[in-house]
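Residue numbers count from 1 along this sequence.
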Amino acid sequence: MTTSSHPSRIEWVGQSCALLRAIAAEFETTLPFKGLTIGTAIHLEPKTIALLMTLRAGGAQLVATGNLNSTQPATVDYLKRQGITVIGGQTTDATTHSGFIDALLDHQPDLLLDNGGDLFARVAERPYGTLLGGTEETTSGRTRLEPMRDAIGLPVLVINDSPIKQFAENRHAVGQSLFESYMRFTNRSTNGKRVTVFGYGACGKGTAACFRNAYSAVSVVDVDPVATLEAHLDGFSTPRPDDAIRSADVIVTVTGSASILTASDLATLKDGVILLNGGHFPHETDVAGMRADNAVVAAETYADEGIETLVLADGRRIHILGAGHMANLAGSRALGNSVESMDLGFALQARCLERVASRTLDASMCVVPVPGDIDAMVASAYLELHR
């Protein structure tokens, strides 16, 4: 028996992405991206490597950068060793990240794989003629790009609007990984904790379910009365926002919107409350505004744990995980969503980029859901591999 000395998590993840491996084998023959450059701005962590290697198997040249905070140095090093151009590294500074986006677009890639709308928002300001279109991964990005459809004027397929992405990654995997992140950061029990989840989209549904399954008393808050009614009928309490904040031991934000929790909520927050974000952008909790508020007399940072504690004048302590960044990709040993869910989501990415590269779509397909035949193709392939 031959043994490998020290395989890494990158190899573990790559071996686990059965769907991407099958697509890569096909792409080596069909070469859908031959002669094309794909620019990507997405979380640079081991599962992303499996996607980028699949695209390269299809003939693509790749130029990549990351998202705020989530870039993992080992992933960058690996990609560079594979000859992939990587721009920048890990940063929490928005201006620095913006510079990375500009530098990537200076390469004028033929296709863009976006995550949060950073690339296509800049394309709307500074278009270039060789761009064929691309994909956007997130709800946050779709919301950002929808008003720019006319300015973009190219096919952009939104992965998050696929039903597969909604139930496989958002509902199941985000819920699991945010629950795991709470445990990883805090090592505290969930039993009997009062947990408030802001947002009852797919991510909120999964998060609420996972904490309830861990014996927490879960409340849900959503600005949409229809979503709130669904949460009520699903058996969750649905108090008004102030009451939900006041009673919570843990607050999880998964809305895709800004300023869900602000300094104005400091007066209401319970002593010892833990604030956890699962939204793409680190602005669902206004951490900077809270730090600067006059009610805060001290801040304690558990640097190795990724926990910041704000001490208020009346003695209450507010704990913030991962500085308000997406918790499942923040802090020590951040693993993100499960491999299987990302295998599905990244298979959608690969197939959608293949479709855009085929030049069969037009501007009417700008910021629209994944075509139904691609959903069916990916679902069937996954089932065949896992039955």
Side-chain angles (χ1 to χ4, degrees), residues 67-70 91-98 116 139-140 143-144 178 181-182 185-186 188 193-201 203-204 207-208 211 218-224 227-228 237-303 305-331:
N67 290 145
L68 278 174
N69 189 55
S70 61
T91 183
T92 59
D93 181 73
T95 301
T96 301
H97 174 66
S98 181
T139 297
S140 300
T143 301
R144 183 180 179 188
L178 286 179
S181 297
Y182 168 83
F185 273 99
T186 69
R188 290 192 178 178
K193 292 288 194 302
R194 294 181 178 181
V195 177
T196 292
V197 176
F198 275 86
Y200 203 63
C203 293
T207 302
F211 276 93
V218 180
S219 300
V220 170
V221 177
D222 197 296
V223 295
D224 181 357
T228 305
S237 63
T238 54
R240 289 181 169 81
D242 284 351
D243 293 333
I245 292 171
R246 185 176 293 108
S247 65
D249 300 303
V250 180
I251 299 177
V252 189
T253 52
V254 277
T255 71
S257 299
S259 299
I260 302 304
L261 295 174
T262 68
S264 65
D265 296 308
L266 288 172
T268 308
L269 289 166
K270 187 177 182 180
D271 180 31
V273 67
I274 293 170
L275 308 184
L276 171 72
N277 176 48
H280 178 76
F281 291 111
H283 59 204
E284 300 211 14
T285 296
D286 181 10
V287 177
M290 287 185 175
R291 289 176 184 143
D293 193 83
N294 290 334
V296 176
V297 297
E300 301 169 352
T301 302
Y302 303 85
E305 309 301 328
I307 301 171
E308 180 178 6
T309 298
L310 303 182
V311 183
L312 306 185
D314 61 8
R316 284 179 296 133
R317 302 164 75 85
I318 312 301
H319 308 297
I320 301 169
L321 306 187
H325 287 274
M326 189 184 297
N328 57 6
L329 284 169

Query - Heavy-atom donor-acceptor pair, T143 side chain to T139 backbone, under 3.5 Å - result: yes
Query raised in the report: Between D249 (side chain) and V273 (backbone), is there a donor-acceptor pair under 3.5 Å?
Result: no
I want to check something: taking the side chain as every heavy atom from C-beta on, are [X] and [Y] in contact at a cut-off of under 4.5 Å?
X	Y	answer
R291	V296	no
I245	F198	yes
V250	R188	no
M290	D293	no
Y182	V195	no

Query raised in the report: How would you list, by chain and number, every residue that makes a salt bridge (charged side-chain N to carboxylate O under 4.0 Å, His left out) with R194, sequence neighbours excluded?
Result: none
Query raised in the report: Under the salt bridge (charged side-chain N to carboxylate O under 4.0 Å, His left out) test, which residues partner E305, sequence neighbours left out?
Result: none
Query raised in the report: By side chain to side chain donor-acceptor pair (under 3.5 Å), which residues pair with D222, not counting sequence neighbours?
Result: none
How many angstroms lie between [atom1] in [X] and [atom2] in [Y], if you round to the nearest 0.5 Å?
X	Y	atom1	atom2	answer
K270	I318	NZ	CD1	11.0 Å
L178	T207	CG	OG1	4.5 Å
L269	L275	CG	CG	6.0 Å
S181	L321	OG	CG	9.0 Å
M326	F281	CE	CZ	8.5 Å
I251	I260	CD1	CD1	11.5 Å

Query raised in the report: When you check the side-chain N and O atoms of S219 and S237, is any donor under 3.5 Å from an acceptor?
Result: yes
Query raised in the report: Tell me the side-chain hydrogen bond (donor to acceptor under 3.5 Å, both in side chains) pairs involving residues 252-263, sequence neighbours left out?
Result: T253-N277, T255-E284, T262-S264
Report task. State plainly whether the residues D314 and R316 are in salt-bridge range, i.e. N to O under 4.0 Å. Result -> yes
Report summary line: Hits for ring-ring contact (aromatic ring centres under 6.0 Å, His included) against H319, two or more places apart or cross-chain, chain-then-number order -> none
Query raised in the report: Does a sphere of radius 6.0 Å around CG in D93 hold more than 12 heavy atoms from other residues, nucleotides or ligands, not counting ones at 6.0 Å or beyond?
Result: yes
Requested in this report: Taking side chain to side chain contact (heavy atoms under 4.5 Å, CB included) as the test, write out the residues that go with A208, two or more places apart.
Outcome: V197, Y200, V218, V220, F236
Report task. Locate the shortest heavy-atom distance separating T301 from E308; write the atom from each residue and the value. Result -> OG1-CG, 4.2 Å
Query raised in the report: So, for A263 and G289, which heavy atoms are closest and what is the spacing to 0.1 Å?
Result: CB-O, 3.6 Å
